[in-house]
Amino acid sequence: MSRSLRILQVCNVGQITGGTAACAWTLTRAFPEAAHMVLFRGSISAETRQAFTGCTTCSLAELSQSDRAPAGFLRRFQPDLIVLHNTPRGHSPLEKLQRSRLHPRPHVVQYLHSVITPAEADQTVCCSAWLAARCRQPGDRVLLQGVPRPPVPAEKDSCRRSSSSWTPREMVVGRLCTPTARKWPGELIEFYSRLAAGAPRVRWEFVGCPQELQRSLRLACRERARFLPASPAARSHLWRWQAMLYHHPTLTESFGRTVAEAMRCGCIPLVDHRGGFREQIAAGTGFLCRKLDSFAAALDAVQSRTTQARLSRSAQQHADARFSIAAFRRRLLALLQSRTGTEKPTTVSD
C-alpha cells in the first residue's frame with residue numbers, strides 16, 4: 001500500500017490571525033488525506049498550534065535545536081510537495097539544501113502573497129492576477145485562495161436576520177482586520193467621522209483595532225462603535241453584520257481573505273476599488289469604491305432591505321462557488337497534476 005501524500009509548508013509568521021498561516025491552514029483542510037508539516041520562520045503562538053491540530057508544527061528555532069540542519073529534517077519527513085508562502089530569497093531554511101539528493105525529489109511551489117524577491121522554487125504562483133502582473137508572472141500562474149465558511153454563532157440573536165443587538169431600524173457595519181498598526185492607519189479617524197455623520201442609522205463594529213486608536217474612533221463614530229478582540233472565532237461576527245467595510249488610504253491588498261469570508265456569510269463587502277478586491281467582487285455582489293463619496297453612496301444603498309437581501313444572496317452564491325476550500329483544491333491540483341500526480345478520490349467540504 002502506497003504511503004499518503006506528504007506536504008510541507010513554510011510560513012513567515014506563527015500567528016493564525018495574520019500573515020500567511022491562515023492560507024496554510026486552508027491548504028491542510030483542502031488535502032485531508034495528506035500528512036502535513038508546517039514550518040514557521042518565527043515563533044508559534046499557542047492559538048496557532050491549536051488551529052493546526054492534526055498537523056505537525058515546528059518553528060525554525062526548534063528545528064535548529066532538534067535536527068541541526070534542514071537536510072536531516074527533510075530526509076525524515078520526506079515531503080512530496082513543499083509550499084513556500086511568500087518566502088524571500090535568502091530567508092528560506094531550504095535554500096542550502098541540495099534537494100536533488102532526496103529521492104523522490106519534492107516539488108517546490110512558491111506561493112506569493114505580496115511583491116518580494118522570492119526564494120527559488122520549481123513553480124511560482126500568485127494569489128491574484130493583480131499581484132501576478134506586478135511580479136511579472138504569467139496570468140495562468142494565479143492561485144486564488146480558498147476560505148472556510150465561518151461557523152454560524154450558536155446564539156439566537158447572533159445572526160443578522162434575528163439580531164436584537166441593535167434596534168430594527170439600524171444596521172451593523174464591521175471592519176475585521178489583522179491587529180497591527182500598519183492595518184489601522186490614523187487616517188481612518190477622519191474617514192469614519194465623515195461617513196458616520198451621514199449614516200445615523202449605522203452602528204459600527206471593529207475587530208482587531210489597536211487599543212490606542214479606539215477612543216478616537218469611538219468619538220469619530222458618534223459613540224456608535226463597539227470594539228471586539230481579534231481571534232479565529234471573531235469571523236462568526238460576519239453572520240451578524242449586514243456589511244463589511246474596508247478602506248486603507250495607502251495599502252493595496254493582493255487578496256482579501258476577510259472579504260471572501262464575509263461574502264460566504266452573505267455579508268456585503270464595501271471595499272477599495274484596488275488590488276485583488278477587483279477580482280473577488282463581481283457585479284451585484286458588493287461595492288468597489290474609489291473615494292469617500294462612493295463609500296457613502298454604497299452605505300446608503302445597502303440600508304434598503306430589498307437591496308440588502310439581493311446582494312447578500314448573490315455574494316454568498318458567488319463566494320461559495322469561487323472561494324470554497326473545495327474550489328481551492330481543484331485550482332491547486334490543476335497547477336500541480338501534470339508534475340506531482342497528487343489527485344486522490346477524496347471529497348472535501350467546508
Side-chain angles (χ1 to χ4, degrees), residues 6-32 34-68 70 72-74 76-77 79 82-88 91-94 111 113-114 145-155 158 174-184 205-214 226-239 256-258 260-262 265 325 328 350:
R6 302 178 75 84
I7 301 176
L8 166 67
Q9 299 184 77
V10 179
C11 291
N12 296 326
V13 181
Q15 295 287 343
I16 193 66
T17 54
T20 53
C23 184
W25 180 91
T26 302
L27 195 149
T28 67
R29 296 308 184 267
F31 291 85
H36 292 279
M37 172 75 189
V38 187
L39 176 62
F40 293 92
R41 289 174 53 209
S43 60
I44 311 171
S45 69
E47 189 176 48
T48 301
R49 290 192 191 273
Q50 178 64 33
F52 280 93
T53 297
C55 308
T56 302
T57 56
C58 184
S59 70
L60 192 54
E62 292 168 342
L63 176 63
S64 299
Q65 293 169 6
S66 60
D67 290 274
R68 300 298 176 187
F73 159 73
L74 282 180
R76 192 176 73 246
F77 186 68
I82 299 174
V83 179
L84 306 175
H85 287 275
N86 223 49
T87 306
H91 293 274
S92 170
L94 313 174
Y111 194 0
H113 301 273
S114 64
Q145 294 185 44
V147 300
R149 183 184 291 111
V152 178
E155 297 82 2
S158 295
R175 186 183 201 266
L176 193 159
C177 205
T178 306
T180 61
R182 179 170 176 261
K183 295 282 190 172
W184 295 86
E205 292 191 357
F206 301 95
V207 175
C209 180
Q211 184 70 35
E212 59 270 20
L213 202 66
Q214 291 184 14
R226 182 159 63 168
F227 299 90
L228 303 163
S231 71
R235 285 163 168 79
S236 291
H237 294 304
L238 294 166
W239 288 105
R257 283 186 66 87
T258 306
E261 289 168 334
C265 296
I325 293 179
F328 174 69
D350 58 343

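Throughout, residue positions are numbered sequentially from 1 according to the sequence presented.
With Thr57 contributing its side chain and Val38 its backbone, the two residues share no donor-acceptor pair below 3.5 Å. Looking at Gln9, its side chain does come within 3.5 Å of a backbone N or O of Ala24 through a donor-acceptor pair. Of the possible polar contacts, none joining the Asn12 side chain to the Gly42 backbone as a donor-acceptor pair under 3.5 Å is found. Between the side chain of Thr28 and the backbone N or O of Trp25 there is at least one donor-acceptor pair closer than 3.5 Å.
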Please lay out, stage by stage, how Arg6 and Phe77 fare under the test side-chain contact (heavy atoms from CB on, under 4.5 Å).
CA-CA 8 Å; Arg6 302 178 75 84; Phe77 186 68; 3.4 Å; yes
Quick one: do Leu8 and Leu39 satisfy side-chain contact (heavy atoms from CB on, under 4.5 Å)? Show the steps, please.
CA-CA 7 Å; Leu8 166 67; Leu39 176 62; 4.2 Å; yes
Working note: Cys177 + Thr258, criterion side-chain contact (heavy atoms from CB on, under 4.5 Å); need CA distance, chi angles, decisive distance, verdict.
CA-CA 8 Å; Cys177 205; Thr258 306; over 6 Å; no
One pair to check against side-chain contact (heavy atoms from CB on, under 4.5 Å): Leu213 and Gln211. What are the steps and the verdict?
CA-CA 5 Å; Leu213 202 66; Gln211 184 70 35; over 6 Å; no
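Put simply, CG on Leu176 and OG on Ser236 are 10.0 Å apart, with the number rounded to the nearest 0.5 Å. Going from atom CZ of Phe31 over to atom CZ of Phe328 covers 7.5 Å, rounded to the nearest 0.5 Å. Atom SG of Cys265 sits about 4.5 Å away from atom CH2 of Trp239, to the nearest 0.5 Å. Summarising the geometry, atom OG1 belonging to Thr20 is positioned 11.5 Å from atom CD belonging to Gln15; distances are rounded to the nearest 0.5 Å.
By the salt bridge (Lys or Arg N to Asp or Glu O under 4.0 Å) test, Arg175 is found to be paired with no residue, residues two or more places apart in sequence or in another chain being considered. Qualifying side-chain hydrogen bond (donor to acceptor under 3.5 Å, both in side chains) partners for Thr48, counting only residues two or more places apart in sequence or in other chains: Ser45. Partners of Thr26 under the side-chain hydrogen bond (donor to acceptor under 3.5 Å, both in side chains) rule, at least two apart in sequence or in another chain, are Arg257. With sequence neighbours left out, the side chain to side chain contact (heavy atoms under 4.5 Å, CB included) criterion links Ala233 to Ser231. Judged as a ring pair (Phe, Tyr, Trp, His ring centres under 6.0 Å), and not counting sequence neighbours, the contacts of Tyr111 are His85, His113. In this structure, His36 has no side-chain hydrogen bond (donor to acceptor under 3.5 Å, both in side chains) partners at least two apart in sequence or on a different chain. In this structure Thr56 satisfies the side chain to side chain contact (heavy atoms under 4.5 Å, CB included) test together with Met37, sequence neighbours excluded. By the side chain to side chain contact (heavy atoms under 4.5 Å, CB included) test, Pro210 is found to be paired with Trp184, Glu212, residues two or more places apart in sequence or in another chain being considered.
The two residues Arg41 and Val10 come nearest to each other via the heavy atoms CG-CG1, 4.4 Å. Residue Ala34 comes nearest to Ile7 through the heavy atom pair CB-CD1, 4.0 Å, listed as atom of the first residue, atom of the second, then distance. Residues Cys11 and Ala21 come closest through the heavy atom pair SG-CA, 4.2 Å. Heavy-atom minimum distance, Ile44 versus Cys58: CD1-C, 3.5 Å.
Sequence neighbours left out, the pairs with a member in residues 43-52 that pass salt bridge (charged side-chain N to carboxylate O under 4.0 Å, His left out) are Arg49-Glu62.
Put simply, the side chain of Val207 does not reach to within 4.5 Å of the side chain of Phe227, judged on heavy atoms.
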